[in-house]
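Numbering starts at 1 and runs along the sequence shown. Scope of the values below: all heavy atoms of this structure, side chains included, with no hydrogens, waters or symmetry mates. This is a predicted model, so every value here is computed, not measured.
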Amino acid sequence: MKTMAKATVTFSLAYILFAASVAAATDVKFTDVPPKHWAKSYIQSAVGVGWIGGYADQSFKPENNITRAEFLKALIGAMKFNVTDEDTSFTDDTGWFRPYIATGLNQGVIVAGAYPNDEFKPNQKITRGEIAEMAVRALGKNDEGQSKGYVAVAKSLGILSGYADGTMGENKNATRAEAVVMISRVLNPESAPKPPVKVTGFPKTTQSIMDMVNAAKNKYGTVAEGFDGAVIVHSGNGESYDDIIFQIIYNSSKKLLRIEMYETGEKELALLKDLLKVYLPSSYEKAYKDSVRVSKTTYTPGNDENRSEAKYDNHKFITYKPNDNVGLSIVIYEE
């Protein structure tokens, strides 16, 4: 398309810079990104650096979908590519997004032949598979992506994580939160999920507890760091803070480990058994039996059946039914 008028370009770029600068500080508290949101740290970091922004109403809209143009702009900004505004072969490149489309083509992040009818469709929602393709190309691994498959390469690099059902969801539209996390992993591979690490002893640190959960035989869902060093286990891929099933935290001053379970189904109890096997290796079967029994009770004031207390492996083990009858609470004291 013909080059837009200089005034229009200036206005458009000014608008984009303004939008990207909203909530640019890392300490901003978005109204819709609570402390235990699975992508909170990634979002704050990205906004702080400036390659993506929030909205004027102090929201980030993490669960909203993101368009091809919006993602491309964020990726180019994160990679610090020199943005150039020039004509492209696409027939629908007129708009604020044209410099990013042009840059994407010049940097090999996108390839014109991959889009039918010479249309980039910048306002179309981008899929996880498309993100995998752009990310792999941005890293200069296009040949590998072509031979092995872009999704497979993105998975091997830790950019793309799968869902609890074993699928990669490559045809699903990506959310803003997912996009931020995947770009962050392009920039910093160290932030990508690592292979499970076998943990021995009494896990106390956030990282050792996360390693323990990730290495569990019956682990499922997504493990993430929550507020104040707590380890959060989501039943799904961590997109929503409403699917938390476990919260595990160690209080070093009180030498106390607390496990909060918000679901006590078969899968959750199987994971609990794996965790107890690490903390109470000689007595975990007894502790597990206590936990299962208490989980089946209904809380009523003064009912001793709602609580169990014992000493296993030189630790005090307490399990009780919360007074709201949701899940199960477990406390392990070091003695």
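- A donor-acceptor pair under 3.5 Å is absent between the side-chain atoms of Q44 and the main chain of S41, judged by distance alone.
- Judged by distance alone, with hydrogens and angles left aside, the side-chain atoms of R128 form no donor-acceptor pair with the main-chain N or O of L160 at under 3.5 Å.
- Smallest separation of non-hydrogen atoms from E63 and T175: O-CG2, 3.6 Å.
- Side-chain polar atoms of D324 and Y299 form no donor-acceptor pair below 3.5 angstrom.
- For D93 and T88, the side-chain atoms include at least one donor-acceptor pair closer than 3.5 Å.
- Between L328 and S291 the shortest side-chain heavy-atom distance falls below 4.5 Å.
- Between P203 and L257 the shortest heavy-atom distance is O-CD1, 4.5 Å.
- Separating the OH atom in Y250 from the CD1 atom in I209 is a distance of 9.5 Å, to the nearest 0.5 Å.
- Of all non-hydrogen atoms in A230 and Q247, the two that sit nearest each other are CB-CG, 4.0 Å.
- Ring pair F202/Y279 is perpendicular by interplanar angle, where above 60° counts as perpendicular and below 30° as parallel.
- Within 6.0 Å of the NZ atom in K141, the count of heavy atoms belonging to other residues, nucleotides or ligands does not exceed 12.
- Looking only at side-chain heavy atoms (C-beta outward), L269 and K273 stay at 4.5 Å or farther from each other.
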### Query
Can you check side chain to side chain contact (heavy atoms under 4.5 Å, CB included) on M212 and V231, steps first, answer last?
CA-CA 11 Å; M212 172 187 63; V231 173; over 6 Å; no
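- A salt bridge links R293 with E305: at least one charged nitrogen is closer than 4.0 Å to a carboxylate oxygen.
- How far CE of M261 is from CD1 of I330: 6.5 Å, rounded to the nearest 0.5 Å.
- Residue F246 forms a side-chain contact (heavy atoms from CB on, under 4.5 Å) with just one option from L272, V223, I232, and that option is L272.
- Between atom NZ of residue K217 and atom CG of residue L271 there is a gap of 12.5 Å, rounded to the nearest 0.5 Å.
- Following chains of ILVMFWY side-chain contacts shorter than 4.5 Å, one can reach V83 starting from F71, so the two form part of one hydrophobic cluster.
- Under a cutoff of 6.0 Å and an axis angle of 45°, K61 and Y55 form a cation-pi pair.
- Distance check: T298 OG1 to N306 CG gives 8.0 Å after rounding to the nearest 0.5 Å.
- No continuous path of hydrophobic side-chain contacts links V331 to V213 [ILVMFWY only; heavy atoms under 4.5 Å].
- Here the side chains of E70 and I126 are not in contact, with every heavy-atom distance at 4.5 Å or above.
- Here the side chains of E86 and N106 are in contact, with some heavy-atom distance below 4.5 Å.
- Comment: D85 engages R98 in a salt bridge, judged by a side-chain N to carboxylate O separation of less than 4.0 angstrom.
- Taken from CD in E266 to CG in N218, the straight-line distance is 9.5 Å, to the nearest 0.5 Å.
- A cation-pi geometry, defined here as NZ or CZ lying under 6.0 Å from the six-membered ring centre and within 45° of its normal, holds between K73 and Y100.
- Inter-residue side-chain proximity for M79 and V186 is flagged as met; some heavy-atom pair is nearer than 4.5 Å.
- Under a 4.0 Å N-O distance rule, the pair E133/R137 qualifies as a salt bridge.
- At least one donor-acceptor pair under 3.5 Å links the side chain of T103 to the backbone N or O of T84.
- Looking at heavy atoms from C-beta onward, E170 lies out of side-chain contact with T127 at the 4.5 angstrom threshold.
- By the criterion of side-chain heavy atoms lying less than 4.5 angstrom apart, applied directly or through intervening Ile, Leu, Val, Met, Phe, Trp or Tyr residues, Y312 is not grouped with L256; the two fall into different hydrophobic clusters.
- For K321 (side chain) and S329 (main-chain N/O), no donor-acceptor pair under 3.5 Å exists by modelled atom type.
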### Query
Stepwise, does the side chain to side chain contact (heavy atoms under 4.5 Å, CB included) test hold for E144 with V136?
CA-CA 9 Å; E144 187 177 350; V136 169; 5.7 Å; no
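- No side-chain heavy atom of I76 sits under 4.5 Å from any side-chain heavy atom of Q107.
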#### Entry: Test side chain to side chain contact (heavy atoms under 4.5 Å, CB included) applied to D274 and K219, step by step
CA-CA 8 Å; D274 289 341; K219 180 256 179 179; over 6 Å; no
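- Aromatic ring orientation, F60 versus F30: tilted (interplanar angle from 30° to 60°).
- Residues W51 and L187 are in side-chain contact: their nearest non-hydrogen atoms beyond the backbone lie under 4.5 Å apart.
- Residue I332 is not grouped with residue I318 when hydrophobic side chains (ILVMFWY) are merged at heavy-atom distances under 4.5 angstrom, including chains of intermediate members.
- D313 and S283 are linked by a side-chain donor-acceptor pair at a separation below 3.5 angstrom, with hydrogens and angles left out of the test.
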### Task
Step by step, work out the side chain to side chain contact (heavy atoms under 4.5 Å, CB included) result for L139 and V153.
CA-CA 11 Å; L139 290 172; V153 175; over 6 Å; no
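- Remark: side-chain polar atoms of T297 are paired, donor with acceptor, to backbone N or O of V294 under 3.5 angstrom.
- Atom CD1 of residue I159 and atom CD1 of residue I131 lie 10.5 Å apart, to the nearest 0.5 angstrom.
- When all heavy atoms are compared, the tightest approach of N314 to K311 is CA-CE, 4.0 Å.
- Hydrophobic clustering (ILVMFWY, side-chain heavy atoms < 4.5 Å, transitive): L275 and I249 are in distinct clusters.
- The shortest heavy-atom contact between A39 and V181 is CB-CG2, 3.8 Å.
- The aromatic rings of F90 and Y115 stand perpendicular to each other, their planes meeting at an angle above 60°, with 30° marking the opposite boundary.
- D92 approaches K121 most closely through the heavy-atom pair OD2-N, 2.7 Å.
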